[in-house]
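Worksheet: the structure to be examined is printed underneath.
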Amino acid sequence: MIYQFRSKAGPDVIMLADLSQRIFDILGRPLESRGILTTEQLPSLIHMLETAILKDLEDRAQINTAEEPGSTKPKLADRLGQRAYPFLELMMQANSMGEPVMWGV
């Protein structure tokens with residue numbers, strides 16, 4: 001399934017269900033077929049996602065410094081910051097302009 005997130009504050013962001021679910025798990029929200037992130041919710045949701053991205057970077061740095069022979073490194077394509085950046089940017093733009101983020105409408 002594909003989700004299209006919209007806000008008057010910025011361009012639409014299209015994400016596959018796996019990434020959308022990963023982000024919404026981080027945000028502590030259920031991922032439904034349609035919904036809204038209100039302007040009141042955005043600041044705390046932005047902070048949660050930024051914190052998760054920083055933790056992902058720290059975890060990857062620890063894995064890379066503790067390399068063992070035969071260990072597998074995490075794939076670069078799985079980096080949360082890289083994959084979630086467009087959605088984070090949309091939330092930040094919406095927050096700065098006082099607009100909600102909606103999907104499925």
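Here the structure is a predicted model, which is why all the values come from computation and not from measurement.
- Checked for salt-bridge contact, D18 and R83 meet the test: a charged N lies under 4.0 Å from a carboxylate O.
- The residue from L88, D59, L57, D56 that alone fulfils the side chain to side chain contact (heavy atoms under 4.5 Å, CB included) condition with L80 is D56.
- For Q93 (side chain) and L90 (main-chain N/O), no donor-acceptor pair under 3.5 Å exists by modelled atom type.
- Rounding to the nearest 0.5 angstrom, the gap separating the CD atom in E89 from the CE atom in M91 is 10.5 Å.
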Candidate pair K55 and T51, rule side chain to side chain contact (heavy atoms under 4.5 Å, CB included), full reasoning: CA-CA 6 Å; K55 183 178 179 335; T51 302; 5.6 Å; no
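- Side-chain atoms of W103 come within 3.5 Å of backbone N or O of E32 as a donor-acceptor pair.
- Between S20 atom OG and M1 atom CE the span is 9.5 Å, to the nearest 0.5 Å.
- R29 contributes atom CZ, which lies 9.5 Å from atom CG of L31 (distance to the nearest 0.5 angstrom).
- Atom CD of residue E58 and atom CD1 of residue I53 lie 12.5 Å apart, to the nearest 0.5 angstrom.
- When atom types are taken as modelled, the side chain of D12 and the backbone of R6 share no donor-acceptor pair closer than 3.5 angstrom.
- Between I46 and N95 there is a side-chain heavy-atom pair separated by less than 4.5 Å.
- Distance alone, capped at 3.5 Å, is enough to place a donor-acceptor pair between the S7 side chain and the P100 backbone.
- Within the model, atoms CG of L37 and CE of M102 stand 10.0 Å from one another, a figure rounded to the nearest 0.5 Å.
- The distance from atom CZ of R22 to atom CE of M15, rounded to the nearest 0.5 Å, is 11.5 Å.
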Side chain to side chain contact (heavy atoms under 4.5 Å, CB included) assessment of I23 paired with F87: CA-CA 9 Å; I23 290 173; F87 184 71; 3.8 Å; yes
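- Of all the heavy atoms in L45 and L27, the pair that sits closest is O-CD2, 3.3 Å.
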